[in-house]
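First comes the structure, then the notes that go with it.
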Amino acid sequence: QVQLVESGGGLVQAGGSLRLSCAASGRTFSTSAMAWFRQAPGKEREFVAAINWSGSSTLYADSVKGRFTISRDNAKNTVYLQMNILKPEDTAVYYCAVGMRFTLTADSYGYWGQGTQVTVSS
């Protein structure tokens, strides 16, 4: 059984920082791409960032480029999302996902976590 568990969400003021973590269990993800998506109330799920199996390549949504950093530790089967200079529009439930393709397309990721809430106050 594949499991992804996100942590690190919470309430932060605009301009602040949070670091999300996603721990994977049930299989080895050292050869898989990992990604973060988010969904705000009343909006569709959107891509945030992705990282390839080795960590040598990353993708970011334009809205977070320069503020968010995705990284991974394959020894711990964990992916991270460092979020800086947070804005109220970053408020959403953040989901991590694992897949075999390094892409920004949600359908390419076969395993998803349950999400962690990030709320940014103005």
Side-chain angles (χ1 to χ4, degrees):
Q1 185 74 18
V2 174
Q3 287 189 333
L4 298 174
V5 179
E6 301 100 334
S7 62
L11 174 64
V12 64
Q13 288 188 333
S17 299
L18 283 174
R19 188 194 194 203
L20 305 183
S21 299
C22 174
S25 62
R27 58 172 288 179
T28 300
F29 290 96
S30 61
T31 58
S32 302
M34 300 186 78
W36 289 95
F37 290 78
R38 67 186 181 186
Q39 187 166 19
K43 296 187 177 181
E44 293 188 352
R45 180 177 54 187
E46 65 174 357
F47 169 78
V48 176
I51 189 166
N52 73 338
W53 68 273
S54 67
S56 62
S57 295
T58 56
L59 291 170
Y60 293 96
D62 288 343
S63 59
V64 307
K65 202 171 293 184
R67 299 188 297 122
F68 291 10
T69 302
I70 188 171
S71 61
R72 66 188 296 161
D73 184 340
N74 285 343
K76 298 181 179 179
N77 276 358
T78 301
V79 65
Y80 305 97
L81 185 68
Q82 178 65 45
M83 306 186 294
N84 297 328
I85 317 175
L86 282 161
K87 304 176 181 180
E89 51 263 43
D90 294 319
T91 295
V93 177
Y94 284 70
Y95 300 90
C96 70
V98 176
M100 297 308 297
R101 293 182 59 202
F102 175 52
T103 175
L104 50 75
T105 304
D107 289 347
S108 297
Y109 293 89
Y111 301 101
W112 293 79
Q114 293 191 337
T116 184
Q117 176 71 47
V118 171
T119 303
V120 184
S121 63
S122 57

Original post:
If you count the non-hydrogen atoms of other residues, nucleotides and ligands that lie under 6.0 Å from CD in Glu89, is the total more than 12?
Top reply: yes
Original post:
If you look at every heavy atom in Ser71 and Ile51, which pair is closest and at what distance?
Top reply: CA-CD1, 3.7 Å
Subject >> From CH2 (Trp112) to CZ (Arg45), nearest 0.5 Å >> reply: 4.0 Å
Subject >> Taking every non-hydrogen atom, the tightest pair across Ala35 and Ile70 >> reply: CA-CD1, 4.4 Å
Subject >> Distance (rounded to the nearest 0.5 Å) between Phe47 CZ and Asp62 CG >> reply: 10.0 Å
Subject >> OG1 on Thr91 to CD on Gln117, rounded to 0.5 Å >> reply: 7.0 Å
**OP:** Using side chain to side chain contact (heavy atoms under 4.5 Å, CB included) as the criterion, list what pairs up with Val118, not counting sequence neighbours.
**Re:** Leu18, Leu20, Met83, Tyr94, Val120
Subject >> Tyr80 and Thr69, any side-chain heavy atoms less than 4.5 Å apart >> reply: no
**OP:** Treating Ile, Leu, Val, Met, Phe, Trp and Tyr as nodes and any side-chain heavy-atom pair under 4.5 angstrom as an edge, say whether Leu104 and Tyr95 lie in one connected cluster.
**Re:** yes
Original post:
Would you say the side chain of Trp36 lies within less than 4.5 Å of the side chain of Cys96, judging by non-hydrogen atoms?
Top reply: yes
Original post:
What's the shortest heavy-atom distance between Ala14 and Ser122, and which atoms?
Top reply: CB-CA, 4.4 Å
Original post:
Going from OG on Ser17 to CD1 on Ile85, what distance comes out if it is rounded to the nearest 0.5 angstrom?
Top reply: 7.5 Å
Original post:
Taking the side chain from Glu6 and the backbone from Gly115, do they hold a donor-acceptor pair closer than 3.5 Å?
Top reply: yes
**OP:** Nearest 0.5 Å please: distance from the OH atom of Tyr109 over to the CZ atom of Phe37.
**Re:** 5.5 Å
**OP:** Treating Ile, Leu, Val, Met, Phe, Trp and Tyr as nodes and any side-chain heavy-atom pair under 4.5 angstrom as an edge, say whether Val79 and Leu59 lie in one connected cluster.
**Re:** no
Original post:
Taking only residues two or more places apart in sequence, or in another chain, which ones meet Thr105 in a side chain to side chain contact (heavy atoms under 4.5 Å, CB included)?
Top reply: Thr103, Asp107, Ser108
Original post:
If only atom types and distance count, is the side chain of Asn74 paired as donor or acceptor with the main-chain N or O of Trp53 below 3.5 Å?
Top reply: yes
Original post:
If you round to the nearest 0.5 Å, how far is CZ of Arg101 from OG of Ser32?
Top reply: 13.5 Å
**OP:** Kindly say whether Ser57 contributes a backbone atom to a donor-acceptor pair with the side chain of Asn52 at under 3.5 angstrom?
**Re:** yes
Subject >> Residue pairs fulfilling salt bridge (Lys or Arg N to Asp or Glu O under 4.0 Å) with at least one residue in residues 67-80, sequence neighbours excluded >> reply: Arg67-Asp90
**OP:** Taking all non-hydrogen atoms of both residues into account, name the closest pair between Ala49 and Tyr60 and its distance.
**Re:** CB-CD2, 3.6 Å
Original post:
Looking at Leu4 and Ala24, what are the two nearest heavy atoms and their distance?
Top reply: CD2-CB, 3.4 Å
